[in-house]
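Shown next, in structure tokens, is the structure this report addresses.
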There are 2 protein chains.
Amino acid sequence: MATIKDIAQAAGVSLATVSRVINDGPKVGSDTRKRVKKIMEEMGYRPNANARALVTKKSASLGVVIAELHDPFFAMLAHGVESVTRKNNVQILLSAGSIEKETELRAIETLLEHRVEAMVVHSKALDDKTLVEFSKQVPGFVLINRYIPEIANRCVWLDNVTGGRLMAEYAINQGHEHVAVISSQYRIDDPNQRLEGVRTAIKHANLVLPESMIEYATPDQEGGELAMQNLLATGAKFTAVLAYNDAMASGAMTMLQDHGIAVPEQVSVMGYDDVLLAKYCRPKLTTLRYPVEMMASKAAELALKYASGKKPEEGLTFKYTPTIIKRDSVVRV
Amino acid sequence: MATIKDIAQAAGVSLATVSRVINDGPKVGSDTRKRVKKIMEEMGYRPNANARALVTKKSASLGVVIAELHDPFFAMLAHGVESVTRKNNVQILLSAGSIEKETELRAIETLLEHRVEAMVVHSKALDDKTLVEFSKQVPGFVLINRYIPEIANRCVWLDNVTGGRLMAEYAINQGHEHVAVISSQYRIDDPNQRLEGVRTAIKHANLVLPESMIEYATPDQEGGELAMQNLLATGAKFTAVLAYNDAMASGAMTMLQDHGIAVPEQVSVMGYDDVLLAKYCRPKLTTLRYPVEMMASKAAELALKYASGKKPEEGLTFKYTPTIIKRDSVVRV
DNA sequence: ATAATGGTTGAAAACGTATACCCTTTGAAA
DNA sequence: TTTCAAAGGGTATACGTTTTCAACCATTAT
């Protein structure tokens with residue numbers, strides 16, 4: 001592959017001049033510029049991004065850490081990031097760290113080795129201290145779907161407690177007095193926060209949520225099916241089910257229908273996230289909209305901004321609140 | 001950030017020795033090795049991937065070109081690649097090129113600037129010649145979901161003609177004599193090939209597929225709805241619909257149901273791809289399984305293998321054939 | 001005519017790493 | 001005792017860029 005040196009030789013100029021032409025630098029005559037450009041074209045020259053990054057200490061790529069790409073939630077997240085990197089001519093360096101301490105750490109470290117100065121990271125397994133530490137090393141370090149007070153201005157997050165509350169309040173307003181909850185079995189913040197919100201609303205309405213009405217499982221369709229199966233097996237009575245996410249809600253609906261229980265006529269079901277399948281499944285899912293894509297774009301913009309030298313403002317944070325999307329899976333009772 | 005030089009100074013050894021320790025090179029005593037390692041640990045040393053790539057001419061990352069991340073198909077593709085890059089300690093450099101000539105080209109070129117020697121590219125807009133040209137420049141250049149005879153051994157692809165045929169044959173075997181087709185409006189190979197297969201099967205069964213029974217739209221749920229709407233508007237009679245993909249099939253089902261037409265009792269619907277939503281939607285979609293994830297893993301392995309110097313074998317190619325997944329959206333008539 | 005100016009260009013150092021090649025020490029074989 | 005090989009370690013160069021500084025040339029103002 002042709003280097004800057006080859007071009008210089010062919011054009012009969014120095015390395016410096018060629019470099020200036022490449023970067024649209026100021027100090028080069030228009031005829032020389034034209035000639036050099038022509039030769040670059042002819043020889044199919046492509047600047048070496050690695051050499052560039054080495055000397056400029058700027059990497060022209062943004063690191064992204066997520067859990068699993070085939071989870072629609074993360075696919076949307078990645079897409080949100082991608083839409084802004086594309087605009088800024090920045091490359092995405094992708095690392096997957098499957099909600100495990102070891103892999104998440106490894107993912108971030110690899111990105112660090114590439115000297116990316118902007119990063120959008122989704123981390124659930126790493127503790128606050130570690131992440132704060134990283135944020136000191138990387139100017140454009142931004143967390144998504146997580147809130148850490150010390151670096152509040154680097155956090156783009158969803159108010160899950162309010163989300164849980166909204167969910168429960170809506171169900172209650174529709175007249176449901178016996179609600180069951182299907183939660184995620186992972187010991188991370190999200191399910192706990194959502195559950196906390198649900199509990200608050202229920203208490204406030206002078207209702208009760210016995211532990212036996214809460215089932216934990218993997219946050220996917222199978223988990224939803226399993227959880228619902230368990231709920232039905234206990235013989236518990238409920239007219240509404242609040243699920244941790246849309247996939248679990250969908251699984252729960254399937255299981256209800258398989259038991260001859262009509263949704264929403266006999267049991268209402270609510271999801272969370274509003275991923276694609278919420279619109280696809282039947283009945284269409286009433287759910288909470290999690291604007292991941294928008295948030296991811298915001299996070300990417302933030303990362304790029306901080307990376308370019310702008311200092312984050314103190315006392316600022318980027319909190320989003322989910323909103324209820326009313327579709328067909330919840331009915332007034 | 002600490003460099004190799006800082007480590008060398010702190011440890012009182014030369015750069016070369018430190019470098020040897022980092023790379024587990026041979027010529028260094030076990031006590032020195034231990035001492036240097038300790039210092040690296042203390043100073044939080046991280047090798048600079050750019051400098052490394054520059055001098056070794058190896059990039060330690062694999063380039064991926066896809067259209068849109070939030071399309072579940074591409075999310076699965078990316079996931080398939082990711083599973084093998086993770087095993088090989090290779091980073092993913094992601095470029096999205098939204099089925100447009102300009103952006104696809106730009107995506108590949110950016111990757112080239114990063115000097116990745118392994119690439120998995122999904123390109124529909126670029127012509128054969130351009131891609132063949134790229135394959136000469138990049139040792140580990142592998143195409144997915146496309147077949148180009150000249151570089152057959154770098155293609156991991158699905159036999160779409162056979163897929164289309166299988167679809168139609170299955171519908172016909174279930175007794176359907178009047179089938180409609182909902183295809184993608186994009187002028188790329190896939191829809192044409194699938195349609196070709198469908199036509200073959202129909203002709204072979206002595207049936208007819210009038211042009212009026214084929215609708216074209218964007219390959220998503222909205223497109224499926226629109227296409228079905230048009231089909232219904234023409235008053236055409238059909239008992240089965242073959243869709244270009246699962247999203248369109250799902251949209252078509254919605255529209256049918258909205259018109260009070262029962263699926264599958266009155267009209268059967270078939271999808272293609274078997275993405276997640278095929279299992280989620282109601283009725284569950286009978287569809288053709290496109291093993292993207294497996295194929296993407298294969299492509300990544302191939303790319304890495306070729307990149308590491310192994311020459312592709314002549315006359316070899318990686319063709320996959322879709323299989324029918326029978327669920328609930330097709331019924332015998 | 002001379003000095004000053006401004007626009008072009010080139011030489012060289014630097015970025016952080018890997019490695020080919022050379023030097024030293026040590027112990028054993030001759 | 002001499003010779004030699006092996007092991008351990010250092011020196012210097014290269015990778016492909018960007019950028020600072022200085023030099024050159026042709027004008028123009030004095």
Side-chain angles (χ1 to χ4, degrees), chain A residues 1-37 39-40 43-61 89 91 109-117 137 308, chain B residues 1-37 39-40 43-61 91 109-117 137:
Chain A
M1 179 131 314
T3 76
I4 224 179
K5 204 159 150 192
D6 302 325
I7 307 293
Q9 221 147 24
V13 296
S14 74
L15 303 186
T17 303
V18 178
S19 174
R20 287 195 269 257
V21 171
I22 294 169
N23 300 300
D24 279 325
K27 329 206 273 181
V28 40
S30 64
D31 45 345
T32 329
R33 189 185 299 271
K34 212 164 286 174
R35 185 157 44 93
V36 171
K37 275 199 170 161
I39 297 199
M40 292 199 314
M43 301 184 66
Y45 171 75
R46 279 183 230 290
N48 183 321
N50 295 313
R52 251 191 183 160
L54 181 58
V55 60
T56 61
K57 293 164 178 296
K58 302 240 160 297
S59 95
S61 39
N89 264 9
Q91 210 57 16
E109 278 177 341
T110 316
L111 255 26
L112 239 29
E113 291 184 0
H114 282 265
R115 298 298 188 269
V116 295
E117 64 270 5
Q137 287 180 51
S308 76
Chain B
M1 179 128 313
T3 76
I4 225 180
K5 204 159 151 191
D6 303 324
I7 307 293
Q9 221 146 22
V13 295
S14 74
L15 302 185
T17 303
V18 178
S19 176
R20 287 181 192 118
V21 171
I22 293 168
N23 300 300
D24 281 324
K27 328 209 276 181
V28 39
S30 62
D31 45 346
T32 328
R33 190 183 299 268
K34 212 164 288 175
R35 185 158 45 94
V36 171
K37 275 198 170 163
I39 297 197
M40 291 199 313
M43 302 185 64
Y45 171 75
R46 278 182 231 290
N48 183 321
N50 294 315
R52 247 187 186 168
L54 181 57
V55 60
T56 61
K57 292 164 179 298
K58 302 240 159 297
S59 96
S61 41
Q91 208 59 15
E109 277 177 342
T110 316
L111 257 23
L112 237 30
E113 291 183 2
H114 281 264
R115 299 296 188 270
V116 296
E117 64 271 3
Q137 288 180 50

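Every value quoted in this text rests on a predicted model; they were computed, and no experiment measured them. Order of the sequence lines sets the chain letters (A, B, ...), proteins ahead of strands, with each chain counted from 1.
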message: I'd like to compare against my own output: the B/S/- annotation of nucleotides 17-26 of chain D with a strict under-4.0 Å heavy-atom distance to protein.
response: BBBB------
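Every side-chain contact (heavy atoms from CB on, under 4.5 Å) that A/Leu15 has, sequence neighbours left out, goes to A/Ile4, A/Lys5, A/Ala8. Partners of B/Ser14 by side chain to side chain donor-acceptor pair (under 3.5 Å), not counting sequence neighbours, listed by chain and number: B/Thr17. Every side-chain contact (heavy atoms from CB on, under 4.5 Å) that A/Lys58 has, sequence neighbours left out, goes to A/Thr56, A/Glu117. Partners of B/Asp31 under the side-chain contact (heavy atoms from CB on, under 4.5 Å) rule, at least two apart in sequence or in another chain, do not exist in this structure. Here A/Arg52 pairs with A/Asn23 under the side chain to side chain donor-acceptor pair (under 3.5 Å) rule; sequence neighbours left out. In this view, A/Ala60 satisfies the side-chain contact (heavy atoms from CB on, under 4.5 Å) rule with no residue, not counting sequence neighbours. Judged as a salt bridge (charged side-chain N to carboxylate O under 4.0 Å, His left out), and not counting sequence neighbours, the contacts of A/Arg46 are B/Glu109.
Axis deviation across the helix from C/dA1-D/dT30 to C/dA30-D/dT1 amounts to 60°, comparing end segments of five pairs, rounded to 10 degrees.
Between B/Arg115 and B/Leu54 there is no side-chain heavy-atom pair separated by less than 4.5 Å. Between B/Ile22 and B/Met40, some side-chain heavy-atom pair lies under the 4.5 Å cut-off.
Put simply, B/Lys57 has a side-chain N or O that comes within less than 4.0 Å of OP1 or OP2 on D/dG16.
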Residue pair B/Gln91, A/Leu111: steps toward the side-chain contact (heavy atoms from CB on, under 4.5 Å) verdict: CA-CA 9 Å; B/Gln91 208 59 15; A/Leu111 255 26; 3.4 Å; yes
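Reading DNA chain C from its 5' end, the first and the last nucleotide to sit under 4.0 Å from a heavy atom of chain A are C/dT8 to C/dG16.
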